[in-house]
Amino acid sequence: MLALTRKKGSSIMIGNDIEITVLGIQGEQVKLGIVAPKNISVHRKEIFLQIQKENAEAALNSKV
């Protein structure tokens, strides 16, 4: 894992196509802006895990 320290308004790049910008900081919350190509899904981790779980359940049900 790469850990970075960034200030409000600063960005990081992932590859050539994904930019993550620190939009604001309030207490323990950080607001991020993410610019990515449309073919790359961007989700909060808990949503991503729920999608994976539902896809696995659907795959099991389709085999029955």
Side-chain angles (χ1 to χ4, degrees):
M1 174 188 299
L2 173 64
L4 299 172
T5 301
R6 301 277 79 199
K7 293 181 181 179
K8 182 179 175 182
S10 58
S11 298
I12 62 168
M13 295 296 298
I14 299 175
N16 294 323
D17 299 330
I18 301 172
E19 180 179 4
I20 300 174
T21 303
V22 178
L23 300 176
I25 304 166
Q26 291 183 342
E28 293 187 15
Q29 290 189 336
V30 178
K31 183 182 272 190
L32 301 174
I34 302 169
V35 177
K38 290 188 181 276
N39 65 323
I40 296 179
S41 298
V42 178
H43 300 286
R44 296 186 323 248
K45 186 173 182 179
E46 61 272 18
I47 300 299
F48 174 78
L49 294 175
Q50 183 65 32
I51 291 168
Q52 283 188 321
K53 179 182 174 186
E54 290 174 6
N55 288 344
E57 289 172 0
L60 280 175
N61 291 333
S62 68
K63 291 181 182 179
V64 174

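Each residue takes its place number in the sequence, starting with 1. Because the structure is a prediction, the values reported are computed rather than measured. Only this structure's heavy atoms are used, side chains among them; waters, hydrogens and symmetry mates stay out.
Residues Ile40 and Ile47 do not share a hydrophobic cluster, clusters being chains of Ile/Leu/Val/Met/Phe/Trp/Tyr side chains in contact below 4.5 Å. Residue Leu23 is not grouped with residue Val42 when hydrophobic side chains (ILVMFWY) are merged at heavy-atom distances under 4.5 angstrom, including chains of intermediate members. Linking Ile, Leu, Val, Met, Phe, Trp and Tyr residues whenever their side-chain heavy atoms come within less than 4.5 Å leaves Met13 and Leu2 in two separate clusters.
A 4.5 Å side-chain heavy-atom check between Ile14 and Ile20 finds at least one atom pair inside the cut-off. Between Glu19 and Thr21, the closest side-chain pair of non-hydrogen atoms falls below 4.5 Å. Ile51 places none of its side-chain heavy atoms less than 4.5 Å from the side chain of Ser41.
Within 6.0 Å of CG on Asn55 lie more than 12 heavy atoms contributed by other residues, nucleotides or ligands. Crowding of Glu57 atom CD: a count of heavy atoms from other residues, nucleotides or ligands under 6.0 Å exceeding 12. Within a 6.0 Å sphere centred on CD of Gln29, heavy atoms belonging to other residues, nucleotides or ligands number 12 at most.
Side chains of Gln50 and Glu54: a donor on one and an acceptor on the other come within 3.5 Å.
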Q: Could you walk me through whether Ile18 and Val35 pass the side chain to side chain contact (heavy atoms under 4.5 Å, CB included) test, one step at a time?
A: CA-CA 6 Å; Ile18 301 172; Val35 177; over 6 Å; no
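The side-chain contact (heavy atoms from CB on, under 4.5 Å) test with Val22 singles out one residue from Lys7, Lys31, Arg6, and that residue is Arg6.
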